[in-house]
> 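What follows is a single structure, and I will ask about it in a moment.
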Amino acid sequence: MTLASYPFVVPNHLHAFLPAEIRSNKREAVKLLVQNRRTGNVHHDTFENLSSYLEKGDVLILNNSRTIPAVIFTTNHIEVRLARKRSSDIWDVLYLHQIEIGDTLTFTNDVKATVIDKCSKTPLISLRFSIAGNAFYNFLYTHGIPIHYEYLQDHWPLQAFQTVYSSVPGSIEMPSAGRALSWRMLADLQKKGVEIGFVYLHTGLSYFENDHWPDPIFQPEPFHVPTETVELIHLAKNRNSRIIAVGTTVVRALESAVDTQHILQPTTGETTLHIKPNSSLYVVDGLLTGFHEPEASHLDMLSAFIDQKNLLAAYEEAIRQGYLWHEFGDMNLLLPMEN
């Protein structure tokens, strides 16, 4: 059985086009669909009751990558969407117009970028900018805007695309699974005895437009799993506590940091790991994530956590119950539970 055998369609009215704090005055005001990894049983709740499903000793791992304003415009108003940083002055970008190697794009403040390569496996091109390092980021934060997809009602400021705990700039799109977490919720979880650790994985583009989604194999993403997080997880594993990833990015980072003996190690690098239904999970026991489109590779990963039939049944239930999709939407917790 494959996911393609069970297609589903997200109705237009279930695309979350407003942030939760605009809809309901606070980030936490989203719904939570909880699914037991062992049985497939589904429970409907509110996200503010997340702590009800976590136990003392559980470890919650967060991606503290911070979203950058990844869209810039040429002087003739053509959009350039950053996709991946290759060096201090070279970026892979999405440019949906005819262009050839050697052509030059011109931006505000006489910033220029020359096409130096065209990717064979993706629609991306590589640009060498005339500025680099801090000068490039100053330009980007002055003139860039966050990526805006058609389901969003308005253009929201960059802060709307950050988690409250983000601290390491680099993600093209927000690692959105943790968006609904507030400082109050995190503090309450710690009071309960839930431990919190951090990794970062800087996300690339999730959509190339024109019904074209990236293959993770051809989209390396930089990540870092620090020593203190590895030690936290090892201690938890020794006492049989659960490791719960907040977001598919955290799963990819942690599982990419496993050595040949299946032991988690402090790691910095890039990953092209594509977790599929038959993939082994050596670190992560549970996953808190949003709801993903039927074409997204994220669903392959979710099928490594739970039987595909149960996963698709839960998604169909989410549609019936009016759960919202995308970065401003509702949440899905996949967790091994006794019942």
Side-chain angles (χ1 to χ4, degrees), residues 1 3 6 8-11 13-16 20 23-24 26-62 176-182 184-196 236 240-248 250-251 275 277 281 284-294 296 298-339:
M1 182 174 69
L3 286 171
Y6 294 86
F8 62 91
V9 176
V10 183
H13 71 279
L14 295 185
H15 296 291
R23 298 194 306 263
S24 306
K26 52 185 177 180
R27 282 186 174 225
E28 308 98 301
V30 298
K31 295 194 289 187
L32 178 67
L33 187 152
V34 182
Q35 189 166 26
N36 189 330
R37 285 186 61 190
R38 296 189 176 115
T39 65
N41 291 343
V42 166
H43 183 67
H44 302 287
D45 210 330
T46 61
F47 187 71
E48 289 179 279
N49 288 333
L50 174 66
S51 64
S52 301
Y53 303 94
L54 303 184
E55 304 167 354
K56 181 178 179 180
D58 283 344
V59 177
L60 206 62
I61 304 295
L62 311 177
S176 57
R179 189 186 189 280
L181 284 167
S182 64
R184 179 190 63 78
M185 286 188 68
L186 291 170
D188 288 346
L189 286 169
Q190 288 180 303
K191 288 177 185 176
K192 184 172 182 174
V194 175
E195 300 189 62
I196 294 174
N240 294 319
S241 293
R242 299 177 299 184
I243 310 302
I244 301 158
V246 178
T248 57
V250 172
V251 180
I275 298 175
L281 298 170
V284 180
D285 303 300
L287 172 62
L288 178 67
T289 185
F291 289 93
H292 305 286
E293 293 178 309
H298 305 76
L299 286 173
D300 291 341
M301 179 187 294
L302 268 60
S303 294
F305 280 87
I306 195 163
D307 180 81
Q308 289 182 1
K309 186 179 294 185
N310 290 336
L311 174 65
L312 270 292
Y315 264 57
E316 290 165 359
E317 173 72 3
I319 290 171
R320 286 193 297 269
Q321 295 293 329
Y323 281 73
L324 298 179
W325 258 247
H326 307 302
E327 64 264 50
F328 296 153
D330 295 314
M331 302 306 300
N332 181 201
L333 178 63
L334 299 168
L335 204 59
M337 296 181 284
E338 292 304 317
N339 51 50

> Side-chain contact test, heavy atoms from C-beta onward, threshold under 4.5 Å: evaluate it for L60 versus L288 and give yes or no.
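Side-chain contact under 4.5 Å: no.
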> Among residues at least two apart in sequence or on other chains, which ones pass side chain to side chain contact (heavy atoms under 4.5 Å, CB included) with A245?
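In terms of side chain to side chain contact (heavy atoms under 4.5 Å, CB included), with neighbours along the sequence ignored, A245 is linked to V250, V251, V284, L287.
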> Could you pull out all residues at least two apart from R27 that satisfy side-chain hydrogen bond (donor to acceptor under 3.5 Å, both in side chains)?
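R27 satisfies side-chain hydrogen bond (donor to acceptor under 3.5 Å, both in side chains) with no other residue.
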> Holding to ring-ring contact (aromatic ring centres under 6.0 Å, His included), I want the full list of residues that pass it with H292, two or more places apart in sequence or in another chain.
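H292: ring-ring contact (aromatic ring centres under 6.0 Å, His included) contacts with H298.
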> Quick one: does N332's side chain have a donor or acceptor within less than 3.5 Å of a partner on L33's backbone?
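At least one qualifying donor-acceptor pair exists.
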> Donor-acceptor pair, R23 side chain versus F328 backbone, under 3.5 Å?
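Yes; judged by distance alone, with no hydrogens or angles, the pair exists.
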> Y323: which residues meet the side-chain hydrogen bond (donor to acceptor under 3.5 Å, both in side chains) condition with it, sequence neighbours left out?
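Y323 satisfies side-chain hydrogen bond (donor to acceptor under 3.5 Å, both in side chains) with H44 only.
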> Can you list everything that forms a side chain to side chain contact (heavy atoms under 4.5 Å, CB included) with R38? Sequence neighbours excluded, please.
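Applying side chain to side chain contact (heavy atoms under 4.5 Å, CB included) to R38 gives N36, P336, E338.
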> Listed by chain and number, what are the salt bridge (charged side-chain N to carboxylate O under 4.0 Å, His left out) partners of R37, not counting sequence neighbours?
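Counting only residues at least two positions away or on another chain, R37 forms no salt bridge (charged side-chain N to carboxylate O under 4.0 Å, His left out).
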> How about L333 and L50: do any of their side-chain heavy atoms sit closer than 4.5 Å?
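Sidechains of L50 and L333: in contact.
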> Which residues pass the side chain to side chain contact (heavy atoms under 4.5 Å, CB included) test with E327, sequence neighbours left out?
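Partners of E327 under the side chain to side chain contact (heavy atoms under 4.5 Å, CB included) test: Y151, L152, F161, M174, S176.
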> With heavy-atom distances below 4.5 Å as the criterion, would you say the side chains of I319 and P11 are in contact?
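They are in contact (side-chain heavy atoms under 4.5 Å apart), so the answer is yes.
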> For A304, enumerate each residue passing the side chain to side chain contact (heavy atoms under 4.5 Å, CB included) test, keeping only those at least two apart in sequence or located in another chain.
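Side chain to side chain contact (heavy atoms under 4.5 Å, CB included) list for A304, sorted by chain: I275, L281.
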> What residues form a side-chain hydrogen bond (donor to acceptor under 3.5 Å, both in side chains) with E48, not counting sequence neighbours?
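Once residues adjacent in sequence are excluded, the partners of E48 under the side-chain hydrogen bond (donor to acceptor under 3.5 Å, both in side chains) criterion are K26, R184.
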> Looking at residues at least two apart in the chain, or sitting in another chain, which of them share a side-chain hydrogen bond (donor to acceptor under 3.5 Å, both in side chains) with S51?
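With neighbours one apart ignored, the set is empty.
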> Between CG of D330 and NZ of K31, what distance do you get to the nearest 0.5 Å?
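The CG atom of D330 sits 5.5 Å away from the NZ atom of K31.
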> Mark yes or no for whether Q35, through its side chain, and N310, through its backbone, hold a donor-acceptor pair below 3.5 Å.
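Side chain of Q35 to backbone of N310: a pair is present.
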